[in-house]
Trainee: 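Dropping a structure here in structure tokens format, bear with me for questions.
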Amino acid sequence: MFQSVPQSEEILMQRANALAGMTLTNLANKCEFTLPNSVLHAKGWVGQLLEHALGATSGSKPQPDFPELSIELKSIPVTSQGTPKESTYICVVQLSPYDQANWEQSLVRKKLSKVLWIPYEVNDKIPFAARRIGTPILWQASTCELQQLKTDWQELSDLIVLGKLHMITASIGKYLHIRPKAANAMSQTRDKNRLASENITLPRGYYLRTSFTKQILQST
DNA sequence: GCGTGATCATAA
DNA sequence: TTATGATCACGC
């Protein structure tokens with residue numbers, strides 16, 4: 001479908017709007033993507049289909065999907081009521097002291113600078129292939145939202161810098177929280193905020209709570 | 001293993 | 001039903 005990088009926000013939005021109402025089968029056919037037999041073994045498939053359809057190029061680099069536009073693309077599964085079904089992964093929790101230095105330069109802040117949300121319906125009665133893509137929403141956090149995100153990030157970052165990552169649970173943070181992000185519970189990484197003798201830990205990621213993304217989708 | 005794309009599975 | 005912790009796939 002679209003394979004070139006969108007040169008402006010307007011072009012990106014035109015493309016995104018053109019997808020609204022299409023089923024996953026419609027879009028997969030146009031992009032020459034093969035529909036997975038089961039979502040279980042294709043968890044990120046919808047996101048990658050949308051990236052391709054809109055011309056995103058970042059791949060797995062730790063930066064927004066459209067770096068020239070500072071726009072991050074997020075597909076988001078919603079119920080027939082428009083409520084998000086899942087929390088939204090933002091980025092990995094980096095574990096070097098400098099990464100927690102300041103909010104403005106954090107990976108979370110950069111990823112959430114501006115987000116193009118593309119909802120798609122998820123409902124037990126609708127087969128995966130028949131799910132429809134919804135109306136895109138280009139979002140920027142309000143001053144109030146940004147303040148809370150910063151507060152959450154700061155609280156979590158303080159714990160990390162103090163070597164207390166192991167004390168962080170998913171219940172910390174109003175909008176933003178930290179949860180495991182790994183192949184499985186055996187995965188390991190090093191937390192450079194701790195002594196070498198005790199720094200092996202499970203890789204983690206930052207996620208947005210559904211209560212917050214629900215607010216985002218309804219505000220527009 | 002790291003970082004991307006996420007959803008699954010079950011305890012609460 | 002929801003939130004937390006665990007898991008799946010891919011490129012490098």
Side-chain angles (χ1 to χ4, degrees), chain A residues 19 24 27-28 31 33-67 71-96 98-99 106-112 115-124 126-129 131 133-134 152 156 160 165-192 199-215:
Chain A
L19 304 183
L24 294 182
L27 187 57
C31 294
F33 268 50
T34 304
L35 277 166
N37 293 318
S38 156
V39 191
L40 176 58
H41 297 291
K43 294 183 181 179
W45 188 84
V46 175
Q48 301 198 329
L49 173 64
L50 291 172
E51 281 186 347
H52 177 84
L54 296 175
T57 55
S58 282
S60 57
K61 291 194 278 288
Q63 61 184 23
D65 294 293
F66 302 99
I71 293 177
E72 171 72 11
L73 173 63
K74 283 294 174 196
S75 63
I76 182 165
V78 298
T79 65
S80 43
Q81 282 74 241
T83 304
K85 293 269 295 186
E86 296 284 349
S87 53
T88 302
Y89 171 69
I90 305 168
C91 61
V92 68
V93 176
Q94 299 168 117
L95 295 173
S96 294
Y98 185 73
D99 298 320
S106 69
L107 192 47
V108 175
R109 179 71 190 91
K110 286 176 184 165
K111 285 263 190 172
L112 296 183
V115 180
L116 176 58
W117 298 96
I118 302 193
Y120 66 96
E121 64 185 346
V122 170
N123 179 325
D124 287 344
I126 304 172
F128 183 76
R131 291 177 184 173
I133 297 166
D152 288 343
L156 293 162
I160 293 169
L165 175 67
H166 57 291
M167 294 175 65
I168 294 178
T169 72
S171 63
I172 301 177
K174 184 175 178 184
Y175 292 168
L176 194 63
H177 66 173
I178 286 177
R179 304 218 305 281
K181 170 61 168 159
N184 56 58
M186 312 287 271
S187 299
Q188 297 185 333
T189 191
R190 291 180 194 283
D191 178 358
K192 299 182 181 61
N199 68 1
I200 299 298
T201 190
L202 182 65
R204 293 164 169 84
Y206 284 105
Y207 295 78
L208 292 180
R209 292 184 183 282
T210 52
S211 54
F212 181 53
T213 52
K214 178 180 181 184
Q215 175 182 316

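Numbered from 1 within each chain, the chains take letters A, B, ... in sequence-line order.
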Trainee: Kindly say if A:Ser60 contacts the phosphate of C:dC10, meaning a side-chain N or O under 4.0 Å from OP1 or OP2.
Mentor: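 No, A:Ser60 has no side-chain N/O under 4.0 Å of OP1/OP2 on C:dC10.
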
Trainee: Does a distance-only test, which skips hydrogens and angles, find a donor-acceptor pair under 3.5 Å between the side chain of A:Tyr207 and the base of C:dA3?
Mentor: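 Result: no qualifying N/O pair found.
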
Trainee: Going by modelled atom types, is there a donor-acceptor pair between the base of B:dG5 and the side chain of A:Lys74 at under 3.5 Å?
Mentor: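 Counting by modelled atom types and ignoring angles, no donor-acceptor contact under 3.5 Å is found here.
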
Trainee: Can you check the A:Arg204 CZ to C:dT7 P distance for me, whole Å?
Mentor: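 For the pair A:Arg204 CZ and C:dT7 P, the rounded distance is 14 Å.
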
Trainee: So does A:Lys61 reach the base of B:dT4 with its side chain, donor to acceptor, closer than 3.5 Å?
Mentor: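 Donor-acceptor pair under 3.5 Å: no.
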
Trainee: Nearest heavy atom decides the nucleotide; on that basis, is A:Glu86 or A:Lys43 closer to the 5' end of DNA chain C?
Mentor: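 Whichever sits nearer the 5' end wins; that is A:Glu86.
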
Trainee: Would you say A:Arg209 reaches C:dT4's phosphate, i.e. side-chain N/O to OP1/OP2 under 4.0 Å?
Mentor: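 A:Arg209 to C:dT4 OP1/OP2: side-chain N or O found under 4.0 Å.
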
Trainee: Which residue, A:Pro62 or A:Ser87, contacts DNA chain B at a nucleotide closer to its 5' end, judged by nearest heavy atom?
Mentor: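 Nearer the 5' end of the strand: A:Pro62.
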
Trainee: Hey, can you tell me if A:Phe33 and A:His52 have their rings parallel, tilted or perpendicular (30° and 60° cut-offs)?
Mentor: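 If you compare the ring of A:Phe33 with that of A:His52, the planes turn out tilted.
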
Trainee: In whole Å, I'd like the distance from the CG atom of A:Leu40 to the C1' atom of B:dC8.
Mentor: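 In whole Å, B:dC8 C1' lies 7 Å from A:Leu40 CG.
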
Trainee: To the nearest 0.5 Å, how far apart are CD1 in A:Ile178 and OG in A:Ser171?
Mentor: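 Interatomic distance, A:Ile178 CD1 to A:Ser171 OG, rounded to 0.5 Å: 11.5 Å.
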
Trainee: Taking only the side-chain nitrogens and oxygens of A:His41, find out if one of them lies under 4.0 Å from OP1 or OP2 of C:dC8.
Mentor: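 Result: no.
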
Trainee: So does A:Lys85 reach the base of C:dT2 with its side chain, donor to acceptor, closer than 3.5 Å?
Mentor: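 Such a pair does not exist between side chain and base.
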
Trainee: Rounded to the nearest angstrom, tell me the gap between atom CZ in A:Arg179 and atom P in B:dA9.
Mentor: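 After rounding, the reported distance stands at 15 Å.
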
Trainee: Of the candidate nucleotides C:dT4, B:dT4, B:dC2, which contains the atom at the shortest distance from the side chain of A:Thr189?
Mentor: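 Selected nucleotide (nearest to the side chain): B:dC2.
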
Trainee: Kindly point out which of C:dT7, B:dC8, C:dA6 is positioned nearest to the side chain of A:Val39?
Mentor: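 Closest nucleotide to the A:Val39 side chain: B:dC8.
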
Trainee: Would you say CG of A:Asn37 has more than 12 non-hydrogen atoms from neighbouring residues, nucleotides or ligands within 6.0 angstrom?
Mentor: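 Count not over threshold, so no.
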
Trainee: Roughly how far, to the nearest 0.5 Å, is SG of A:Cys91 from NZ of A:Lys110?
Mentor: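 The NZ atom of A:Lys110 sits 10.5 Å away from the SG atom of A:Cys91.
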
Trainee: What's the CG-C1' distance between A:Leu73 and B:dG5, to the nearest Å?
Mentor: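 Roughly 10 Å, once rounded to whole Å.
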
Trainee: If you go through the side-chain atoms of A:Gln48, does one of them form a donor-acceptor pair with the base of C:dC10 closer than 3.5 Å?
Mentor: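 There is none.
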
Trainee: Respond yes when some side-chain nitrogen or oxygen of A:Lys111 is under 4.0 Å from OP1 or OP2 of B:dT4, and no when none is.
Mentor: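 So the side chain of A:Lys111 is within the cut-off, an N or O lying under 4.0 Å from OP1 or OP2 of B:dT4.
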
Trainee: According to a strict under-4.0 Å criterion, is A:Thr210 in side-chain N/O contact with OP1 or OP2 of C:dA3?
Mentor: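 For C:dA3, OP1/OP2 do have a side-chain N/O of A:Thr210 under 4.0 Å.
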
